[in-house]
Amino acid sequence: MKVKKRVSDEERNSSEASGLENNTDKVQNKTKERHPKQGETEETVSASNVKDAHPEKVHTTLQGPLKESPQHPNKGKASLVEQTKPTVKGTVSKPTSSQITPGSRDSDNTRNPTSTRPTQPDDEDDDDDVVVVSVKPATQKSPPVAAVQKTLTTFAGFQPKVKGQQEVPKGLHSQLTAQLQQKKATLSVVNLAALPDKGERLMTQVKELEDALESMSLAAASQPEAGHKSAGACPIGSQVNPFARQGGTILLPAPPAPGLSSGSSLGLQLGQGHPQMHGGMSEVQSFYGGRMTNNRLLAVKNATCEATDHLHKSLESCPDPEAEVPDPKGIKVTLLAHQRSALAWLLWRETQNPCGGILADDMGLGKTLTIIALILAKKSKAKGEVAEKQADGWISKTDSSLVVSAGTLIICPASLVHHWKMEIDRRLKAGKLSVCLYHGPNRERSAKALAGYDVVVTTYSLVSKEAPVQKEDAEKPSKDTDHVPSNSGPLLRVSWARVVLDEGHNIKNPKVQTSMAVCQLRARARWAVTGTPIQNNLLDMYSLLKFLRCSPFDEFKLWKAQVDNGSNRGRERLNILTRTLLLRRTKTQLDSSGKPLVSLPDRTCEVHQLKLSKDEQAVYDVVFAQSKSTLQNYLKRHEGTDATKGKASTSNPFDKVAQEFGISQSDPAASSSQQASSTVHILSLLLRLRQCCCHLSLLKKTLDTSELQGDGIVLSLEEQLNALCLSSSDPQHTDTVALNGTRFPSKLFEDTSESTKIAAIVSELRAIREKGDDQKSVIVSQWTSMLKIVAVHLSQMSLRYAVIDGTVNPKRRMDLVEEFNTNPDGPQVMLVSLCAGGVGLNLIGGNHLFLIDMHWNPALEDQACDRIYRVGQVKDVTIHRFVCDGTVEDKISVLQGKKKELAQNVLSGKGSTATKLSLADIRIIFGV
Ligand SMILES: Nc1ncnc2c1ncn2[C@@H]1O[C@H](COP(=O)(O)OP(=O)(O)OP(=O)(O)O)[C@@H](O)[C@H]1O
């Protein structure tokens with residue numbers, strides 16, 4: 001039995017749009033002013049119209065055009081103004097340097113102005129940066145601003161240590177205290193409602209004065225340590241200097257030479273920072289490590305504040321969202337308007353620090369061609385730059401094994417290597433860019449030869465093999481060493497003009513070899529290209545920033561303390577990072593004239609709600625019972641261990657599980673191997689439950705390692721065998737199979753048997769075939785074993801099909817894709833494995849996409865759906881999802897909703913990060 005729900009594309013988007021509604025009224029009103037179209041949409045869809053975060057569960061068909069919030073830095077610029085304090089608004093709209101108050105930009109405007117502030121610098125939510133006092137009191141004589149600044153920025157990296165500089169002048173302290181008291185007194189008597197700004201300005205001043213006083217207390221508190229080297233304190237003069245970090249992009253300004261004016265009346269350093277440098281220091285200096293004295297924490301805050309401020313400031317030069325640059329000469333097709341404006345943004349980012357960023361346009365919007373246009377546009381200029389940089393000592397002069405290139409290194413999944421080459425050949429006039437595929441056993445191995453190409457395309461796995469990495473690299477900022485390590489391959493021996501990570505979400509886990517390897521590459525500009533930059537948690541974003549060498553946020557501990565800490569301040573910082581470094585437009589977005597960015601046909605989503613047959617349900621129940629008791633035992637054991645160790649009962653035994661699902665935000669480093677093994681076992685049981693929903697024959701099969709990896713599972717053989725005990729050895733019962741002691745008809749476990757899901761798929765395919773010969777389908781599963789079962793049934797229906805999974809080589813893949821897309825007599829159905837073919841493929845020949853099983857990671861599913869819904873698609877598209885009622889698949893829907901919410905929040909700049917798989921979630925899944 002099945003229940004079918006049809007969900008329009010607009011409805012799917014409604015859950016994303018609803019996220020925006022949670023912003024304050026003030027923000028909404030302002031957004032409406034700037035984007036009337038979007039404003040109308042927000043009025044049309046109220047939060048109550050959207051059930052959960054799960055789009056398929058929306059029943060109401062929404063009328064008006066429902067569009068997502070455009071994401072562009074300039075729009076972000078305006079939003080930033082809204083999200084931060086009133087003083088910030090003034091600063092950004094009137095960007096005279098004398099009015100810029102970095103601390104206030106980066107501060108929390110919701111705080112009660114009269115509240116007493118904690119004095120510990122590492123306090124989570126109120127972890128204020130050292131701020132500059134924006135002192136403009138008309139009625140009272142203020143201390144010279146420069147003096148305040150000098151006092152508050154005692155960190156050596158900000159200003160060279162000058163004798164006596166660190167002393168907090170008592171007079172200044174009293175003056176500020178007096179000012180504060182006066183402002184507070186005014187606040188308490190004045191009718192705030194009658195003031196034009198409702199007292200915002202006054203409250204801001206109070207807050208700034210409080211911050212300044214707090215910072216002075218910190219500075220004062222740190223003074224004794226400065227002189228006590230022997231006591232383990234870090235003297236200011238010898239402190240870690242964030243500005244001295246080399247071999248990477250440095251967001252932070254250089255320390256001014258003594259006596260030099262900073263160029264700002266407040267003494268701020270708001271320049272563009274250093275260009276990247278190669279060579280230099282052999283040690284990357286981190287902010288964290290060893291004893292974190294108040295002084296060092298102050299340094300962290302200083303650096304964070306400065307970097308955030310620098311990013312903020314850089315938005316002033318960001319091109320307008322509608323600004324377009326002309327198509328570079330040599331492109332055969334005309335760039336779409338959104339590609340031309342992306343090109344303007346990319347060119348701008350290549351003049352900024354960090355040089356590069358994240359191109360996160362929706363899947364299928366033509367990011368490949370956009371990047372190719374960038375390469376072409378910069379080609380002639382880049383050659384000049386290399387010569388210049390060489391003369392400047394941009395690369396190490398001491399290491400002769402390093403070759404400078406004006407070329408771009410593109411790193412992509414193996415399946416896309418040929419796609420890049422084909423796109424260049426197809427879209428550019430002959431000879432415009434020379435391309436080398438660094439792939440396969442006969443690849444060019446000379447660094448010098450590679451450096452001569454305009455574009456070198458390679459794979460993540462090859463970079464991973466060539467770059468020697470160490471475990472500790474995962475959390476440390478990357479650096480360019482003086483010498484190329486002798487065991488590095490050719491890719492590491494070239495200093496590239498640009499490195500592009502296609503499908504950049506491949507490095508979402510900073511701890512894996514591939515992520516660490518790509519961070520080692522030398523390049524002037526670094527780009528991550530991905531339609532799904534946030535898949536699981538904020539660690540994904542950290543990993544991308546680390547690749548971009550976005551100092552100081554490329555240091556894991558600083559990232560956790562200052563950004564990914566669940567505080568409002570952290571969220572604000574994340575917003576600034578996102579708005580500055582990331583460009584995202586969606587397919588449903590409208591341009592300023594109200595037209596969609598790209599003209600695509602309709603897309604609908606059909607959710608096929610299925611009910612397992614009686615036999616299937618009985619098997620499911622047996623597996624479920626076993627899983628549940630395993631979990632209960634595990635919990636009992638764990639609680640026992642916790643009690644003996646005296647651990648707090650709040651510790652979450654499922655952190656590891658959560659990490660495996662990629663939902664936890666906890667430190668990836670912490671977990672015991674025993675616990676990991678047990679949780680993996682529980683995961684494997686969950687996996688079996690999911691398989692029961694698809695086809696019972698999957699229970700008999702040993703899973704491919706690649707399939708398990710897609711789930712983050714590494715099962716030992718023993719664990720696989722222990723997971724279930726399926727036997728038919730009893731000669732008396734050859735037509736039945738025993739599952740943990742209960743007997744079931746053996747035909748249920750045969751590939752040829754029509755499971756409930758297979759029956760639904762077959763029936764849908766029949767209906768599609770009847771619609772006409774031009775209708776083609778793509779069927780996606782995370783298990784190749786499931787694809788094989790589907791194939792058996794396709795053959796029975798005499799449907800022509802092809803398979804793309806991990807065993808099909810890239811060249812063959814391209815041929816199959818071409819055949820599917822262009823040949824009416826080619827395959828009618830394409831079977832695609834989610835992990836191997838879910839990303840990057842262009843399957844616009846198909847207009848139906850079947851997601852036949854559910855993955856924990858909704859981004860992977862979205863990626864798969866966008867294989868057919870992309871530029872070039874001319875037919876209406878239907879996405880078919882199949883969900884078995886009352887099973888683990890229902891629960892996955894809920895978890896998927898949570899993850900989507902996180903990604904949407906981060907990308908829309910709302911920044912809520914409260915998504916975590918809790919023990920409660922796991923208990924719900926198993927009902928314990
Ligand atoms: N300006 C253009 N004119 C014509 N076709 C275009 C243009 N831009 C892109 N395309 C085509 O649109 C399709 C999708 O582009 P592309 O594969 O670059 O998307 P993408 O954003 O990289 O997607 P994904 O995130 O899925 O990798 C390709 O077939 C590409 O050739």
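Atoms within each ligand, like the ligands themselves, are counted from 1 in listed order.
Checked against a 3.5 angstrom limit, the closest N/O atoms of L335 and ligand 1 fall outside it.
Ligand 1 places these atoms under 4.0 Å from at least one heavy atom of T368: 16 (P), 17 (O), 18 (O), 22 (O). Ligand-side atoms of ligand 1 in range of E503: 27 (O), range being under 4.0 angstrom from any heavy atom. Those atoms of ligand 1 with a heavy atom of H419 less than 4.0 angstrom away are 17 (O). Here is the list of ligand 1 atoms found below 4.0 Å of a heavy atom in L369: 1 (N), 2 (C), 7 (C), 8 (N). If you number the atoms of ligand 1 from 1 as listed, the ones under 4.0 Å from a heavy atom of R867 come out as 26 (O). Taking a cut-off of under 4.0 Å to the non-hydrogen atoms of L336, the atoms of ligand 1 that pass are 1 (N).
Figure legend: cation-pi geometry between K776 and F820, with NZ or CZ positioned under 6.0 Å from the six-membered ring centre and within 45° of its axis.
Other residues, nucleotides and ligands place more than 12 heavy atoms under 6.0 Å from the CZ atom of R800.
Q513 and Y460 share no side-chain donor-acceptor pair at under 3.5 Å. Side chains of W345 and E350: a donor-acceptor N/O pair is absent below 3.5 angstrom, by distance only. S434 and D454 share a side-chain donor-acceptor pair at under 3.5 Å.
A ring-centre distance under 6.0 Å is not found for Y542 and F553.
Under a 4.0 Å heavy-atom criterion, N842 is in contact with ligand 1. In this structure, G364 counts as a contact residue of ligand 1, since one of its heavy atoms falls inside 4.0 Å of the ligand. Residue contact annotation: T334 has a non-hydrogen atom under 4.0 Å from ligand 1. Under a 4.0 angstrom heavy-atom cut-off, D361 registers as lying outside contact with ligand 1.
Across the listed options R870, K332, Q339, Q339 owns the non-hydrogen atom lying nearest to atom 8 (N) of ligand 1. Of the candidates H338, M363, K367, the one placing a heavy atom closest to atom 21 (O) of ligand 1 is K367. Looking at R426, R427, R340, it is R427 that brings a heavy atom closest to atom 11 (C) of ligand 1.
No donor-acceptor distance shorter than 3.5 angstrom exists from the side chain of K367 to the backbone of E503, with no hydrogens or angles considered.
Applying salt bridge (Lys or Arg N to Asp or Glu O under 4.0 Å) to D815 and the options R813, K811, R812 leaves one that passes, K811.
Between D327 and V333, the shortest heavy-atom distance links the atoms OD2-O, 4.0 Å.
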